Number of protein chains: 2
Amino acid sequence: MKAQDHHLQVPGMRMTKQRKEVYRTLMENQDHPSASEIHNLMKDTESPMSLATVYNCLEALVEHGAVKQVNIDREPTRYCQNSTPHAHFHDQSTGTIHDITFKPGASLTDLIELPKGTEVTNLEISIKGTIPS
Amino acid sequence: MKAQDHHLQVPGMRMTKQRKEVYRTLMENQDHPSASEIHNLMKDTESPMSLATVYNCLEALVEHGAVKQVNIDREPTRYCQNSTPHAHFHDQSTGTIHDITFKPGASLTDLIELPKGTEVTNLEISIKGTIPS
DNA sequence: CAATAAACTTAGAATAATTCTAAATTAATA
DNA sequence: TATTAATTTAGAATTATTCTAAGTTTATTG
């Protein structure tokens, strides 16, 4: 999926005007904004919307796998347009979050062993530290 | 470190009565309780304490690596007495959190590649799903 | 197409985890 | 002992998020 492809169709999800705009905003701001940052970004556009709606839209997008939540400690939840498997590196000196894609062929089961029959619905890997600039 | 070893000494941290009791409570309740659950557990003991103090103590213990935070979505932060490297499996059908130790020899770098000079201060791996009972 | 139902949006109120404040206490240091 | 620094505390404040109830839009059904 290209960054320009805002005409996302998600199976099972009604792509309303608001959801489309929230998704577009996230596509155009790949620095993992929070819900209220997204809300602010949309304030001066032609499609401002309620903060509750931003939350609702993000929830729907997350539920359908188009968007990922980023949970860093007790900071406000941030959102990630990158729906492919990846880890998040939280640079403590800048506060920025970097996406780190998995090595080709790498799998969670390289690290840990899960009982037979385990269903994994979500995997979140967050690394905190510093990256040389 | 054994589960019975409550006389923890953490370099650089003053082990106050309250911190010791919070740590002991966590040792005796390994189901990843939240701050207010810990506070409740201590309510009827001989050393009840302010919720703010529970937060303060946990913060100090986390900061010194004796305790780990478990961040699952927007649920209240839970705390883990297991200070060795491990992942957390959040069973969605029961709400329980299981510690999953890494395979021997396994390393984060099996999964991802970090730029030279990167300093990792914390790694958090949370898996959501279901485990057969 | 008209009528009905379901899903969505919205503003504002409510919730609840966490942090802050300022005063009191305790422990460390000189 | 006197002084300083760190910790504890109760309660207030903060704030991200969820809830509510009403209005709107979209889908569905006859």
Side-chain angles (χ1 to χ4, degrees), chain A residues 7-26 32-43 45-64 66-80 90 95 97, chain B residues 7-26 32-43 45-64 66-80 90 95 97:
Chain A
H7 301 285
L8 177 74
Q9 289 287 25
V10 178
M13 187 180 73
R14 207 150 95 188
M15 183 51 83
T16 64
K17 177 174 174 294
Q18 286 86 349
R19 289 172 182 173
K20 206 180 299 184
E21 290 305 316
V22 167
Y23 186 71
R24 181 205 301 279
T25 305
L26 201 50
H32 307 85
S34 66
S36 73
E37 283 168 345
I38 293 171
H39 180 242
N40 281 335
L41 284 164
M42 304 177 82
K43 213 138 214 171
T45 68
E46 54 197 272
S47 56
M49 72 186 63
S50 157
L51 177 58
T53 301
V54 174
Y55 271 103
N56 290 343
C57 292
L58 288 168
E59 185 184 36
L61 289 162
V62 167
E63 205 159 275
H64 290 87
V67 159
K68 273 184 177 294
Q69 281 181 319
V70 187
N71 299 300
I72 303 280
D73 294 340
R74 289 301 99 192
E75 295 179 18
T77 302
R78 299 167 72 160
Y79 295 87
C80 179
H90 182 235
I97 292 177
Chain B
H7 301 284
L8 177 73
Q9 288 286 25
V10 179
M13 187 179 73
R14 206 148 96 187
M15 183 51 84
T16 64
K17 176 173 175 292
Q18 287 87 350
R19 287 173 183 171
K20 205 181 298 184
E21 290 306 316
V22 166
Y23 186 71
R24 180 203 303 279
T25 305
L26 200 52
H32 306 88
S34 66
S36 72
E37 284 168 346
I38 293 171
H39 180 241
N40 282 335
L41 285 164
M42 304 177 83
K43 212 139 215 170
T45 69
E46 54 197 274
S47 57
M49 71 184 64
S50 158
L51 177 57
T53 302
V54 174
Y55 271 103
N56 290 344
C57 291
L58 288 168
E59 186 185 36
L61 288 162
V62 166
E63 206 159 273
H64 291 86
V67 159
K68 271 183 179 294
Q69 279 182 319
V70 188
N71 300 299
I72 304 279
D73 294 342
R74 287 303 100 191
E75 295 179 19
T77 301
R78 298 166 73 160
Y79 295 86
C80 179
H90 182 235
I97 292 177

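What you see is a predicted model; the values in this text were computed from it and never measured. Proteins come first, then strands; the chains are lettered A, B, ... in the order of their sequence lines, and each starts at number 1.
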Rounding to an integer number of Å, can you tell me how far [X] [atom1] sits from [N] [atom2]?
| X | N | atom1 | atom2 | value |
| --- | --- | --- | --- | --- |
| K20(A) | dT9(C) | NZ | P | 12 Å |
| D73(B) | dA17(C) | CG | P | 15 Å |
| R78(B) | dA17(C) | CZ | P | 13 Å |
| L58(B) | dA17(C) | CG | P | 15 Å |
| Q69(B) | dT18(C) | CD | P | 9 Å |
| L51(A) | dA14(C) | CG | P | 17 Å |
| Y55(A) | dC8(C) | OH | C1' | 19 Å |
| N71(A) | dT18(C) | CG | C1' | 16 Å |

Could you tell me whether S34(B) contacts a base, only the sugar-phosphate backbone, or nothing, with contacts defined as non-hydrogen atoms closer than 4.0 Å?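 Counting heavy atoms under 4.0 Å across all strands, no contact is made by S34(B).
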Look at all strands and tell whether S36(A) reaches a base, only sugar-phosphate, or nothing, counting heavy atoms closer than 4.0 Å.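 No contact at all - S36(A) keeps every heavy atom at 4.0 Å or more from the nucleic acid.
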For the residue pair [X] and [Y], what are the closest heavy atoms and their distance?
| X | Y | result |
| --- | --- | --- |
| V70(A) | C80(A) | CG2-CB, 3.9 Å |
| V54(B) | A35(B) | CG1-O, 3.6 Å |
| T25(A) | M42(A) | OG1-CG, 3.5 Å |

Going 5' to 3' along DNA chain D, between which two nucleotides do contacts with chain B fall, using a heavy-atom cut-off of 4.0 Å? dA6(D) to dT17(D)
Distance-only donor-acceptor check, side chains R74(A) and N71(B), under 3.5 Å: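 On atom types as modelled, these side chains qualify, holding a pair under 3.5 Å.
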With heavy-atom distances below 4.5 Å as the criterion, would you say the side chains of [X] and [Y] are in contact?
| X | Y | value |
| --- | --- | --- |
| H39(B) | T53(B) | no |
| H32(B) | Y79(B) | no |
| D73(B) | H90(B) | no |

Output yes when at least one side-chain N/O atom of R74(B) is less than 4.0 Å from OP1 or OP2 of dA17(C), else no.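 Answer no for this pair, as no side-chain N or O of R74(B) is under 4.0 Å from OP1 or OP2.
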If you pin E59(B) and M49(A) to their nearest nucleotides in DNA chain C, which one's is more 5'? M49(A)
Under the side chain to side chain contact (heavy atoms under 4.5 Å, CB included) criterion, do V22(A) and M49(A) qualify, and how do the steps go? CA-CA 9 Å; V22(A) 167; M49(A) 72 186 63; 3.8 Å; yes
Is there any protein nitrogen or oxygen under 3.5 Å from a nitrogen or oxygen in nucleotides 22-30 of chain C, and what are the pairs?
none

Can you check side chain to side chain contact (heavy atoms under 4.5 Å, CB included) on R14(B) and R19(B), steps first, answer last? CA-CA 9 Å; R14(B) 206 148 96 187; R19(B) 287 173 183 171; 4.1 Å; yes
Return whichever of P48(B) or A35(A) has its heavy-atom-nearest nucleotide of DNA chain D closer to the 5' end.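 Nearest-nucleotide comparison on DNA chain D picks P48(B).
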